[in-house]
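As C-alpha cells, the structure follows; a few thoughts come after it.
Everything numeric in this text was worked out from a predicted model, so none of it was measured. Residue numbers begin at 1 in each chain, while the letters A, B, ... track the order of the sequences.
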Number of protein chains: 2
Amino acid sequence: MAKRRTITIKEVARVAGVSVTTVSNYLNGQMARMSPETRDKVGKVIEDLHYQPSSAAQSMRSNSTKIIGVIVGDISNVFSPLLFGGLQKVLKPRNYSLMLLSADNDPDDESRCIGKLLRQHVDGLIIQPTQDEPEAFYPITVSGTPLVIVDGIVRALPRNAAHVTSDNTTSTAAMCRELHERGYGRILTVSESTAPTSSQMPRLRTVAGCAADLHMEHVALDMRGHDDAWLAESIRGGLTPGLRTAVFPLMGPMLFHTLDALMLAGLSFPDDLGLVSFDDWNWGRFIGHGVDLLQRDIDEIGRLAGESLLRIIETGSPERSEISVPTKRIAGHSL
Amino acid sequence: MAKRRTITIKEVARVAGVSVTTVSNYLNGQMARMSPETRDKVGKVIEDLHYQPSSAAQSMRSNSTKIIGVIVGDISNVFSPLLFGGLQKVLKPRNYSLMLLSADNDPDDESRCIGKLLRQHVDGLIIQPTQDEPEAFYPITVSGTPLVIVDGIVRALPRNAAHVTSDNTTSTAAMCRELHERGYGRILTVSESTAPTSSQMPRLRTVAGCAADLHMEHVALDMRGHDDAWLAESIRGGLTPGLRTAVFPLMGPMLFHTLDALMLAGLSFPDDLGLVSFDDWNWGRFIGHGVDLLQRDIDEIGRLAGESLLRIIETGSPERSEISVPTKRIAGHSL
DNA sequence: GTGAAAGCGCTAACAA
DNA sequence: TTGTTAGCGCTTTCAC
C-alpha cells in the first residue's frame, strides 16, 4: 500500500479556488476574514479531501507542539497507567497529547529517551527518574523545556523543575511505630535495589533508622539476583520463636514475590508472621482477609504533576517546586 | 523561564565555521563527505551547544516520523501497560517512539484521537477500538496510514489493516463444557456493556449458546448503571439449593466487582458457588486458594501487533490480516 | 571536501 | 474579503 500523496493546504486552496491564506484562516478559526460562501466552500473541500493539516509544519511555525513527553522507569509496572490516567485528566482537556517512553530502568536508555523527546520539541516533560546524575537533565535545562520529576528522588533538582512525590518517610516511620506497638520485635524488609532514585531507598533508610530507635531488629532482604525460593528460605530463616516478625515489602512487585515466597515456605499471616506492604494497586483486600497496606495515590500524583507542568509552561516558572502526596494507610488483617 | 532560543543547524554551522550542508551530512552519518578535522570540529560544536536537530523539520522532509500512535479504550485498565510493553519490545529496537492516547471508551473521543495522530503523520497506528462504524477508520485508510486493530471486534476491517485479538470463543466454550462436567447447572455472567467492540460480547454470546446446548441455565448480569450492592443482591438471588451455580466475570474489572460483591453477600467460593473469570493480570493465585482463570497473553498480542505493523509499513501490506492469540486456562481452586 | 539554494507544509505580515 | 510572500529548520541536489 503506497502511502498516498499527502494532501496539503495548497491542494485544498487550489480545489476550493481560494488562496492558502484563506484556508489557513479557516483552519485557525478566523472565520471573520472570509465570506460565508467561501467558508462553506473551504469547509466542504477539507471534508471531501479528508484533509489533515500537518502538525509538524504547524509546530515549526508556532514553536509549540502540544505534546508532553513522559518517561517512566518500567512500563509494565501498574504505576505507569495510574500516573498516565492522572496526567490525562488535566492535560487532555487542555488539548495536550502524551508521548510515553519507557527507560526500562536503564540510565543510558533514559538519556536517549530525553534526547528523543527534546528533538520532538515537546512542550513539557514528566520524568520518573532512573538516574540521579544532575548532568543527565542538563540538556533539558539548556533547551528550557519545562520539567516535572515524579516519584523518584534525585540529588539535585534542575533549576526551574518541579518535583512531585509521595510521602515515604512519615508513613514508613508511622508504620514502624505501629509494628512496635503491636508487639513486633523484628522487621524483614523486601526490596530490590535498582535505581538510586527508587522510592524504596528512603523507605529502607527510614525502617533502618526507626528500628534502631525502637530497639527492633531489622533485616534487609534484597531480591536483586535472587528468586522466590531464596526469599522463602530467607524469610523462614528470619523467624525466631518468641520474637514476632513482620515482613515488609517496600514496593508492589515485592509484595508479589513475598506472597509467592510465603506460599513456598508454607507460612501464613498473620499467624506465623505479620505482613504489611507498600502497594499502589487496590487488590490487597482480596488477599487472605485483607493485607495491611501503605498505598500511594498515583492518580493524584499524576494530576498534581500535570498541573505543575501547566503552571511552568504558562507562567515560566513553578510556584512550588516540591510537592509530597500523603500515603494512605489501608487497614487489613495481616498484622 | 523564557524558552531559550532554539539552537538550529545554521547556528551550529556558523560556530563551526562550515556550511549547513556539512552539519547535515554529519548528522546523517555521511562522514566520508568531510575531512576528519571538520568532522571533529562539528562534533564538538554540537556537543558544546547541546544541539538537538528538530524532528519536525526532519520529518517534514523525510515523510517519516518514526512515531507509532496507540489508542486504547481505557488507560487505567491493566491491559494498557501490558499491551504497551509488548509493543515496545518490537518497536523500540527499531527506533520507533510510541504516542499513547486514551479514548476513554468514547467513540467521538476516539475519532478525535485518530485525527490528532493522523495530523502528527504517525508512521503507523495501533487501535483498541471503541466503535465499529467502518466510517470511523476511513480517514486512516485515505491517508494510507498502516493500521493494526487489537483486542476489539470491528464489523468491517479496513482494507489493508491487520487484526490481532485473543481467542474468545474457543476458550469460553471449553470453559462452559468444563462447568457442565463439574456439575454446574447455572452460569451467572458478569459483564458491562460498554462498546459494541468489547471482547466481552463474543464471550457473552458463546456462554449463551453453550448454555443452551448443554441445557444449563444462563443469567447475564450487566453492571452498567449498577453498583456492587446490586451485584451482591443479584448473585444471591441467582442461587438455588440443589443447582450448582458458577459466577463468570467476563473481564478483569468485573472480577473486582464480583469479589467485592461476594464479600458483601457473605458468599464464599467454591463452597457457596463456583467462580471462574477472564482476567489478564496474574494475581488470581493469591485470592482465596487461587481463582480459576482464562488469561489472555496481552504482551504477546502487543508483540504480534507490533510485528504486523512493521510488516505493513515495510512491505506495504499485511501478510496475514487476522491473528488470534490463544487464551490460557489458569487452574485454581475456585470451582 | 565544501557550499548555495530549492523546497517540505504551514502561518502571518503586508498588499491589494 | 482575499492574495502574495517570507520564512520556520532541515535535507538534498548540483556546483564549485
- Task: State, to 0.1 Å, how close Lys66(A) and Asp123(A) come at their nearest heavy-atom pair, and which atoms those are.
- Result: N-OD2, 2.8 Å
- List the steps, then state whether side-chain contact (heavy atoms from CB on, under 4.5 Å) holds for Val18(A) with Val45(A). CA-CA 11 Å; Val18(A) 299; Val45(A) 172; over 6 Å; no
- Task: Grab the CZ-C1' distance between Arg14(B) and dG9(D) for me, whole Å please.
- Result: 15 Å
- Message: For Leu91(A) versus Leu98(A), what's the shortest heavy-atom pair and its separation?
- Response: CD2-CD2, 3.7 Å
- Closest non-hydrogen atom pair between Ala161(A) and Ser321(A), with its separation: O-CB, 3.8 Å
- Tyr26(A) OH - dT11(C) C1' separation (whole Å): 18 Å
- Item | Euclidean distance, atom CE of residue Met31(B) to atom C1' of dT2(C) [Å, nearest integer] | 16 Å
- Hey, which sits more toward the 5' end of DNA chain C by its nearest nucleotide, Gly17(B) or Met60(B)? Gly17(B)
- Message: OP1 or OP2 of dT2(D) versus the side-chain N and O atoms of Ser35(A): is any pair under 4.0 Å?
- Response: yes
- Task: Can you tell me the distance, in whole Å, between the NE2 atom of His121(A) and the P atom of dC8(D)?
- Result: 14 Å
- Task: Would you check if there is a donor-acceptor pair between the side chains of Gln131(B) and Ser111(B) at a distance under 3.5 Å?
- Result: yes
- Query: Just by protein heavy atoms under 4.0 Å, how would nucleotides 10-16 of chain D read 5' to 3' in B, S and -?
  - Reply: BBB----
- Task: Under the side-chain contact (heavy atoms from CB on, under 4.5 Å) rule, what do Leu101(B) and Ser97(A) come out as? Steps first, then yes or no, please.
- Result: CA-CA 7 Å; Leu101(B) 300 180; Ser97(A) 299; 4.0 Å; yes
- Task: Please state how far atom CG in Asn63(A) lies from atom P in dT11(C), giving the value in whole angstrom units.
- Result: 14 Å
- Query: Does a side-chain N-to-carboxylate-O contact under 4.0 Å join Arg112(A) and Asp108(A)?
  - Reply: no
- Message: Heavy atoms only, 4.0 Å cut-off, all strands: where does Ala13(A) land among base, sugar-phosphate and nothing?
- Response: nothing
- Query: Under 4.0 Å between a side-chain N/O of Thr22(A) and OP1 or OP2 of dT1(D), yes or no?
  - Reply: no
- Whole-Å distance separating the CD atom of Glu37(B) from the C1' atom of dT2(C): 13 Å
- Query: Within the structure shown, what part of the strands sits under 4.0 Å from Ser59(B) by heavy-atom distance: base, sugar-phosphate, or nothing?
  - Reply: nothing
